[in-house]
Participant: 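Below you'll find the structure I mean.
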Amino acid sequence: VQLQASGGGLVQPGGSLKLSCTASGFDLENFLIGWFRQVPGKEREDVLCISNSGGIKYYIESAKGRFTIARDNAKNTVYLQMNSLNPDDTAVYYCTTDPVFGVGPCRPKMSDFHLWGQGTLVTVSS
């Protein structure tokens, strides 16, 4: 049972990136999937979540209007589309879920989730 985030890279301020979260060993469509990010030396920050029914929750105001999340259950993948990126978005991005807490609507926080994969680094710099 694994989650794998990919799609990160170096992008200029104002640019866009599309991250992918692919599940293996389980059907992602049955679980909510969230994204959090972490800068080395700082606390992790929950960003966005999509429930198994398509409900979306933003955890940070700065993501509203810039980040969107979508599911492709046929590909067992969730996407995080990030637009108008700025240097404050620089972080390692992880996708996450949980076998218990990951069922139903998005939770107030995701820090108690037990499944996340290797993250993908997003660097926003000119």
Participant: Find out whether P105 and L32 are in side-chain contact, i.e. whether some heavy atom of one side chain is under 4.5 Å from a heavy atom of the other.
Facilitator: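 Counting from C-beta outward, P105 and L32 never come under 4.5 Å.
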
Participant: At what distance, to the nearest 0.5 angstrom, does CG of N83 lie from CZ of R66?
Facilitator: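 N83 atom CG to R66 atom CZ measures 9.0 Å (nearest 0.5 Å).
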
Participant: Give the intermediate values and the outcome of side-chain contact (heavy atoms from CB on, under 4.5 Å) for residues L19 and M82.
Facilitator: CA-CA 8 Å; L19 306 185; M82 304 188 296; 3.8 Å; yes

Participant: May I ask whether V1 and F113 are part of the same hydrophobic cluster, defined by side-chain heavy atoms of I, L, V, M, F, W, Y residues being less than 4.5 angstrom apart, directly or through others?
Facilitator: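 Result: no, two separate clusters.
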
Participant: Between atom OG of S24 and atom CG of N76, what is the distance when rounded to the nearest 0.5 Å?
Facilitator: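 Between S24 OG and N76 CG, I get 8.5 Å after rounding to 0.5 Å.
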
Participant: Using the six-membered ring wherever Trp is involved, compare the ring planes of F101 and H114 and label them parallel, tilted or perpendicular (cut-offs 30° and 60°).
Facilitator: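 It falls in the parallel class, under 30°.
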
Participant: Does a side-chain heavy-atom distance below 4.5 Å link T96 with I33?
Facilitator: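 In short, these two side chains do not touch, never coming nearer than 4.5 Å.
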
Participant: Are any non-hydrogen side-chain atoms of T97 and W116 less than 4.5 angstrom apart?
Facilitator: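 A side-chain contact is absent here, since even the closest heavy-atom pair is not under 4.5 Å.
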
Participant: W35 and A5: which non-hydrogen atoms are nearest, and at how many Å?
Facilitator: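 That closest heavy-atom pairing would be CZ3-CB, 3.9 Å.
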
Participant: Do the side chains of V47 and V11 join up, straight or via other hydrophobic residues, at under 4.5 Å, putting them in one cluster?
Facilitator: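 Same cluster.
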
Participant: I'd like to check the ring-ring contact (aromatic ring centres under 6.0 Å, His included) partners of Y58; sequence neighbours left out, ordered by chain and number.
Facilitator: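 Result, ring-ring contact (aromatic ring centres under 6.0 Å, His included) vs Y58: none returned.
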
Participant: Taking all non-hydrogen atoms of both residues into account, name the closest pair between Q38 and E43 and its distance.
Facilitator: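 Answer, listing the atom of Q38 first, then E43: NE2-C, 4.1 Å.
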
Participant: Looking at D89 and R37, does any basic side-chain N land under 4.0 Å from a carboxylate oxygen?
Facilitator: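 Looking at R37 together with D89, the answer is yes, because their closest N to O distance falls below 4.0 Å.
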
Participant: Check the pair R107, C49 against side-chain contact (heavy atoms from CB on, under 4.5 Å), reporting the backbone distance first and the verdict last.
Facilitator: CA-CA 8 Å; R107 303 284 176 162; C49 168; over 6 Å; no

Participant: I'd like to know whether E29 forms a side-chain contact (heavy atoms from CB on, under 4.5 Å) with N52, so could you lay out the CA-CA distance, the side-chain angles of the two residues, the decisive distance to 0.1 Å, and finally the verdict.
Facilitator: CA-CA 6 Å; E29 66 179 325; N52 66 323; over 6 Å; no

Participant: Considering all heavy atoms of both residues, which atom of S16 and which atom of Q81 are nearest to each other, and what is their separation?
Facilitator: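 Reported closest heavy-atom pair: CB-NE2, 3.9 Å.
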
Participant: May I ask whether I60 and I56 are part of the same hydrophobic cluster, defined by side-chain heavy atoms of I, L, V, M, F, W, Y residues being less than 4.5 angstrom apart, directly or through others?
Facilitator: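 The answer is yes; both residues are in one hydrophobic cluster.
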
Participant: Considering only heavy atoms from C-beta outward, does the side chain of K18 approach that of L80 to under 4.5 Å?
Facilitator: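 A side-chain contact is absent here, since even the closest heavy-atom pair is not under 4.5 Å.
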
Participant: Under the side-chain contact (heavy atoms from CB on, under 4.5 Å) criterion, do L3 and L115 qualify, and how do the steps go?
Facilitator: CA-CA 7 Å; L3 287 173; L115 181 63; 4.1 Å; yes

Participant: Kindly confirm or rule out a cation-pi arrangement of K57 over Y59, judged by NZ or CZ under 6.0 Å from the six-membered ring centre and within 45° of its axis?
Facilitator: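 Relative to the ring axis of Y59, which defines the angle, K57 lies inside both limits.
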
Participant: Nearest 0.5 Å, what's the SG-CG distance between C106 and D46?
Facilitator: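 Reported to 0.5 Å precision, the distance equals 10.5 Å.
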
Participant: Do M110 and I50 land in one hydrophobic cluster if side-chain heavy atoms of ILVMFWY residues count as linked below 4.5 Å?
Facilitator: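 No, separate clusters.
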
Participant: Would you call the rings of Y94 and F36 parallel, tilted or perpendicular if under 30° counts as parallel and over 60° as perpendicular?
Facilitator: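 Answer is parallel, since the angle falls under 30°.
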
Participant: Can you find a side-chain donor-acceptor pair between S51 and S53 that sits under 3.5 Å?
Facilitator: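 Looking only at side-chain atoms, S53 and S51 do form a donor-acceptor pair, the distance falling under 3.5 Å.
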
Participant: If you compare all heavy atoms of V100 against all heavy atoms of D98, which two are closest, and at what distance to 0.1 Å?
Facilitator: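 For V100 and D98, the tightest heavy-atom pair comes out as N-OD1, 2.7 Å.
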
Participant: Determine whether V39 and F67 fall in the same hydrophobic cluster, where Ile, Leu, Val, Met, Phe, Trp and Tyr are linked whenever their side-chain heavy atoms lie under 4.5 Å apart.
Facilitator: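 Looking at the clustering, F67 is in a separate group from V39.
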
Participant: Looking at T77, V78, D72, which one forms a side chain to side chain contact (heavy atoms under 4.5 Å, CB included) with L28?
Facilitator: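 Only match with L28 under side chain to side chain contact (heavy atoms under 4.5 Å, CB included): V78.
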
Participant: Measuring from atom CG of L85 to atom OG1 of T90, what distance do you get when rounded to the nearest 0.5 angstrom?
Facilitator: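 Going from the CG atom of L85 to the OG1 atom of T90 covers 8.5 Å.
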
Participant: Working to the nearest 0.5 Å, report the span between OG of S126 and CG of L10.
Facilitator: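 Going from OG on S126 over to CG on L10, the span is 9.5 Å.
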
Participant: So how far is it from C95 SG to L48 CG, rounded to the nearest 0.5 Å?
Facilitator: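 Reported to 0.5 Å precision, the distance equals 12.5 Å.
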
